[in-house]
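Here is the structure we will look at, set down as structure tokens.
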Amino acid sequence: MDSFLHTLDPAEFALRCAASEGDAAYLLYVVPSDQSAALIEELRLELLAMDVAVSAVGPRTTDALLRAAETDGANALLVDATGFDAEDWRLLDRRRSSLQRRAVTVLVTTAEHFADSMRHAPNLMSWLGAEVFAFPGLETQQGKQARDREQRLLALRAWSGLTDDAILEAAAAKTLPRDPEYAEWLVLLGRGDLLDA
Amino acid sequence: MRDLSDLQAYTLGRSVTWSGSAKQLLRELRNVLRTASNARALVTKPQDVLTYVRQIEPRQNALRPQLQALGVAHEAIAIVGGDKNFGRSAELKHFRRRDGAWFDFSLTLRESTGTLELLAYDFEIRLPPGYGAPFVRFDLNLPEHRNEERELRSHAHFGSDDLLVPAPVMKPDELLKLFIYGLQKERNYGIQRMDRSPSDFERDWLAETCELMNGVRLPGGERS
């Protein structure tokens with residue numbers, strides 16, 4: 001999925017949604033099925049943190065989505081579309097004009113159902129255009145985190161002239177300086193247990 | 001610092017524990033910076049705020065299962081804003097104010113169920129020329145080892161890594177707001193005032209400091 005969809009983490013995706021607030025905007029977010037509930041909640045909280053009034057439309061409810069699109073006055077409609085099957089997508093494709101509202105509509109689906117949406121709602125997907133994004137895959141996330149962590153560790157070693165092992169030994173011997181840089185160093189090494197040493 | 005234990009206790013008097021989660025804190029800090037960006041108090045773009053403020057994942061620790069079994073696997077976390085920047089290079093990621101001041105920060109916290117405890121931080125802002133000091137940094141050190149001479153755990157540096165002054169412990173959002181909206185040059189109020197001119201003492205001090213830094217003249221008048 002990462003290979004052809006632009007990836008954004010929930011905060012970045014929420015910022016994109018917030019930037020469209022006030023416009024008729026439609027975005028699709030593709031997430032792993034085992035994390036869908038948690039990510040939808042995270043999106044909701046991120047939008048709220050950005051002062052975007054958001055209504056959540058629960059799973060498996062194309063009727064509820066169509067009703068909400070007509071009546072809900074929230075600035076953003078966050079739709080759990082992870083359970084939408086082929087028939088649901090076909091319905092939304094036929095009734096896509098009913099989704100029109102001067103606000104942001106976010107459809108969250110999984111990789112498996114994204115394929116369904118492309119197949120059974122081609123007009124709706126064409127309407128979405130480039131506003132389709134994916135949650136970063138695990139390898140992408142881990143790679144980015146590792147690079148970030150190692151850059152900071154490199155800076156700490158260069159600054160102090162010490163090695164990771166020297167830091168760990170000093171912490172265990174209760175001789176590690178108490179400066180905040182050393183606290184961060186221990187945490188990055190996965191040895192937050194030595195903070196209280 | 002033997003005679004400053006009362007002062008130490010006073011600066012640490014505020015609670016460093018509050019209810020919340022790391023994710024909530026991340027959102028809060030990003031919100032402070034994003035709001036400042038939208039209000040043009042910061043020139044850093046909102047998109048950059050999101051990527052610069054993050055939680056750094058620790059290395060996987062092979063000891064973790066054993067530490068958990070012993071009940072000592074504390075959930076210590078690191079939240080940072082910008083790059084680690086010991087050399088004070090403006091080429092690394094940072095947040096920038098409209099007046100050219102720029103800053104970054106790092107926090108170490110412990111996260112338990114529904115609670116965050118502040119363990120250590122460093123927040124440093126570099127100021128434009130003419131602001132009286134090249135940088136200001138607020139540090140919260142880890143608690144001292146037992147039976148050791150106590151340094152001031154919460155302190156600030158004004159233009160010198162060697163000199164430190166007591167400072168109250170502050171919450172991360174307070175420090176950000178201080179950096180964004182405080183530490184500004186004195187403004188004129190009502191009656192028009194000129195910027196305060198530096199005294200002869202300040203001029204001479206700056207000139208001698210430049211000479212020292214360039215190795216032109218050593219203390220005592222020796223030339224390098």
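Values below: every heavy atom of this structure, side chains too, minus hydrogens, waters and symmetry copies. Below, chains carry the letters A, B, ... as their sequence lines are ordered, and counting in each starts from 1.
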For [X] and [Y], work out which heavy atoms get closest and say how close.
{"X": "B/Lys84", "Y": "A/Ala155", "answer": "CB-CB, 3.9 Å"}
{"X": "B/Ala78", "Y": "A/Leu188", "answer": "CB-CD2, 4.4 Å"}
{"X": "A/Ala183", "Y": "B/Thr108", "answer": "CB-OG1, 3.8 Å"}

A/Leu186 portion near chain B, given a 4.5 angstrom heavy-atom threshold: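 Looking at A/Leu186, nothing touches chain B.
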Portion of A/Leu153 that has a non-hydrogen atom of chain B nearer than 4.5 angstrom: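 When you check distances to chain B, only side chain atoms of A/Leu153 fall under 4.5 Å.
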[X] [atom1] to [Y] [atom2] distance, which is reported to the nearest 0.5 Å:
{"X": "A/Leu195", "Y": "B/Leu109", "atom1": "CG", "atom2": "CG", "answer": "10.5 Å"}
{"X": "A/Arg152", "Y": "B/Asn85", "atom1": "CZ", "atom2": "CG", "answer": "9.5 Å"}
{"X": "B/Ile56", "Y": "A/Gln145", "atom1": "CD1", "atom2": "CD", "answer": "8.5 Å"}
{"X": "B/Arg59", "Y": "A/Arg191", "atom1": "CZ", "atom2": "CZ", "answer": "12.5 Å"}
{"X": "B/Ile79", "Y": "A/Glu184", "atom1": "CD1", "atom2": "CD", "answer": "11.5 Å"}
{"X": "A/Glu181", "Y": "B/Asp122", "atom1": "CD", "atom2": "CG", "answer": "5.0 Å"}

Proximity breakdown for [X] and chain A, heavy-atom pairs closer than 4.5 Å:
{"X": "B/Ile77", "answer": "backbone"}
{"X": "B/Leu119", "answer": "side chain"}
{"X": "B/Thr51", "answer": "side chain"}
{"X": "B/Tyr121", "answer": "backbone"}

Polar side-chain atom of A/Arg149 near backbone of B/Glu57 as donor-acceptor pair, under 3.5 Å: yes
Polar side-chain atom of A/Arg178 near backbone of B/Pro143 as donor-acceptor pair, under 3.5 Å: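 Checking the backbone N and O of B/Pro143 against the side chain of A/Arg178, a donor-acceptor pair under 3.5 Å is found.
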Carboxylate-amine/guanidinium proximity below 4.0 Å for B/Arg54 and A/Asp9: no
Under-4.0 Å salt bridge between B/Arg27 and A/Glu46: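 A/Glu46 and B/Arg27: salt-bridged.
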CH2/B/Trp205: more than 12 non-hydrogen atoms of other groups inside 6.0 Å: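 Result for CH2/B/Trp205: open.
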A/Arg95 atom CZ, neighbour heavy-atom count above 12 within 6.0 Å: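 For A/Arg95, atom CZ is not crowded (no more than 12 foreign heavy atoms under 6.0 Å).
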B/Asn141 side chain reached by A/Pro180 side chain, heavy atoms, under 4.5 Å: yes
Derivation of the side-chain contact (heavy atoms from CB on, under 4.5 Å) call for B/Lys23 and A/Leu45: CA-CA 10 Å; B/Lys23 278 196 173 164; A/Leu45 291 172; over 6 Å; no
Please tabulate, for side-chain N and O atoms in residues 27-38 of chain A, each donor-acceptor pair with protein atoms closer than 3.5 Å (sequence neighbours left out).
residue : atom : partner : partner atom : Å
A/Tyr29 : OH   : A/Leu8  : O            : 2.7
A/Ser36 : OG   : A/Ser33 : O            : 3.2

